[in-house]
Amino acid sequence: MEILTLQPNNEDAGKRIDAWLAAEVEELTRSAAARLLEEGQVTCGGKPLAKNYKLTGRETIEVALPEVEETDLLPQNIPLDVVYEDADVIVVNKPKGLVVHPAPGHPDGTLVNALLYHCGDSLSGIGGEKRPGIVHRIDRDTSGLIIAAKNDVAHQRLAAQLQDHTLARTYECVVIGNLKEDAGTVNAPIGRHPTDRKKMAVITGGREAVTHWEVIARYPGSTHVRCKLETGRTHQIRVHMAHIGHPILGDTVYGNKKPVNGLQGQCLHAVGLRFVHPASGEMVELSCPLTEEFAAQLRKLEHRQ
């Protein structure tokens, strides 16, 4: 069992311990944090804390992470577009429609099942029994680069880079409307939508979320945009672009409810990934081309000019 020692600061005062843990420990979801609290695995001064405990900002918190459970996931021979691979990490160009890890409604046929087949036993266990190796996620209907860890040390070091923003992720998207500026930053907290629990929203008290954007090309009624994530909240780019009045083309959740002809889901692609290699310490910078579906949308827009 691994013991994490965490020190909240004054800015954390008043936050619920379960929400704070989920934000502080990359491999913990809020439900997983709540479960550890219920099991007495989160303590302060040796005393177990309740999941609704409010931080003072002066505590020292100890979290006992349990040993990794054996997974009952089945390896599945799902083709992978491997962009980079060595003994520590694997980077895949994920196609649209492929769910990253098993979830309600998607028990198999996921990227995790494909990785188990491709990598065998060489996947980090930190992600838990349903998310072995998974360091970060991208939406089912978003395509592009995603990294997975092949051992726990690599996973911990990559997760730390997510926390301090040295693991850089770049996306391209087409948004509806004409952005007035050539570049900008959206700094707006994201949390669960107050009435629709399947959606995220910009809300007071949400988790910090920062997206930097710049215009690549302008078309009548739409804009081709590059986005760089400083944080990695669920649906972050989709929520932020909709928040500033420019939802992503084809996003029927945060934009127009009517699907776009020739598009499966949103026109959003993870084109770039940069990270410090967890073993060698060298900088690794990777990219992948736009999907044919995305390129076809750009050609349509160019023909309308």
Side-chain angles (χ1 to χ4, degrees), residues 26-27 29 78-85 89-103 105-106 109-115 118 123-124 126-128 130-149 155 158-159 161-163 165 167-175 186 190 198-200 207 209-213 225-242 247-255 263-275 284-294 297:
E26 182 67 31
E27 58 264 29
T29 61
I78 300 169
L80 290 176
D81 180 4
V82 178
V83 176
Y84 178 93
E85 183 177 15
V89 299
I90 179 171
V91 178
V92 173
N93 181 7
K94 185 189 84 67
K96 274 192 175 188
L98 183 63
V99 176
V100 171
H101 57 75
H106 301 281
T110 70
L111 176 63
V112 163
N113 297 101
L115 288 172
H118 181 87
L123 281 177
S124 158
I126 287 178
K130 296 299 182 186
R131 304 177 187 181
I134 300 301
V135 177
H136 67 105
R137 290 166 281 176
I138 54 179
D139 301 337
R140 176 181 63 182
D141 286 334
T142 299
S143 53
L145 299 180
I146 181 170
I147 188 170
H155 196 137
L158 290 170
Q161 291 181 49
L162 273 177
Q163 291 289 326
H165 315 314
L167 195 159
R169 290 156 291 164
T170 302
Y171 291 72
E172 288 187 22
C173 59
V174 174
V175 302
V186 185
I190 291 176
K198 293 182 180 180
K199 293 174 62 175
M200 307 302 287
R207 297 173 70 183
V210 180
T211 304
H212 306 286
W213 59 267
V225 177
R226 179 180 296 109
C227 294
K228 294 185 178 180
L229 291 177
E230 190 169 310
T231 54
R233 308 304 173 210
T234 301
H235 300 175
Q236 179 171 317
I237 295 174
R238 298 165 64 191
V239 172
H240 271 172
M241 298 315 288
I248 295 175
L249 184 71
D251 192 342
T252 57
V253 175
Y254 299 103
L263 265 183
Q264 174 185 311
Q266 57 274 358
C267 196
L268 178 63
H269 181 67
V271 295
L273 188 66
R274 189 179 75 246
F275 60 95
V284 179
E285 190 155 5
L286 304 169
S287 62
C288 66
L290 296 175
T291 63
E292 175 52 34
E293 180 188 74
F294 195 132
Q297 290 299 319

Could you give the distance from [atom1] ([X]) to [atom2] ([Y]), rounded to the nearest 0.5 Å?
X: Cys227; Y: Gln236; atom1: SG; atom2: CD; answer: 9.5 Å
X: Leu263; Y: Glu293; atom1: CG; atom2: CD; answer: 4.5 Å
X: His165; Y: Glu230; atom1: NE2; atom2: CD; answer: 5.0 Å
X: Ile147; Y: Ile90; atom1: CD1; atom2: CD1; answer: 10.0 Å
X: Leu145; Y: Asp81; atom1: CG; atom2: CG; answer: 9.0 Å
X: Leu268; Y: Phe294; atom1: CG; atom2: CZ; answer: 7.5 Å

Closest approach of [X] and [Y], non-hydrogen atoms and distance?
X: Ser143; Y: Pro95; result: CB-C, 4.3 Å
X: Val112; Y: Pro102; result: CB-CD, 4.1 Å
X: Leu158; Y: Ala149; result: CD1-CB, 4.3 Å
X: Asp141; Y: Gly97; result: OD1-N, 3.6 Å
X: Asp139; Y: Lys94; result: O-NZ, 3.3 Å
X: Val100; Y: Ile138; result: CG2-O, 3.3 Å

Sub-4.5 Å side-chain heavy-atom contact between [X] and [Y]:
X: Val91; Y: Phe275; answer: yes
X: His101; Y: Leu115; answer: no
X: Leu273; Y: Leu167; answer: yes
X: Ile237; Y: Leu229; answer: yes
X: Ile190; Y: Arg207; answer: no
X: His212; Y: Thr170; answer: no
X: Val253; Y: Arg238; answer: yes

* Could you check His240, Gln266, His235 and say which one makes a side chain to side chain donor-acceptor pair (under 3.5 Å) with Tyr254? =>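 Among the candidates, only His235 passes.
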* To do: Check step by step if side chain to side chain contact (heavy atoms under 4.5 Å, CB included) holds for His118 and Val92.
  => CA-CA 11 Å; His118 181 87; Val92 173; over 6 Å; no
* Please identify each residue that fulfils ring-ring contact (aromatic ring centres under 6.0 Å, His included) with Tyr171, with sequence neighbours left out. =>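 Tyr171: no ring-ring contact (aromatic ring centres under 6.0 Å, His included) contacts found.
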* Asked: So, His155 side chain and Leu123 main chain: donor-acceptor pair closer than 3.5 Å or not?
  ->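 No; zero donor-acceptor contacts below 3.5 Å.
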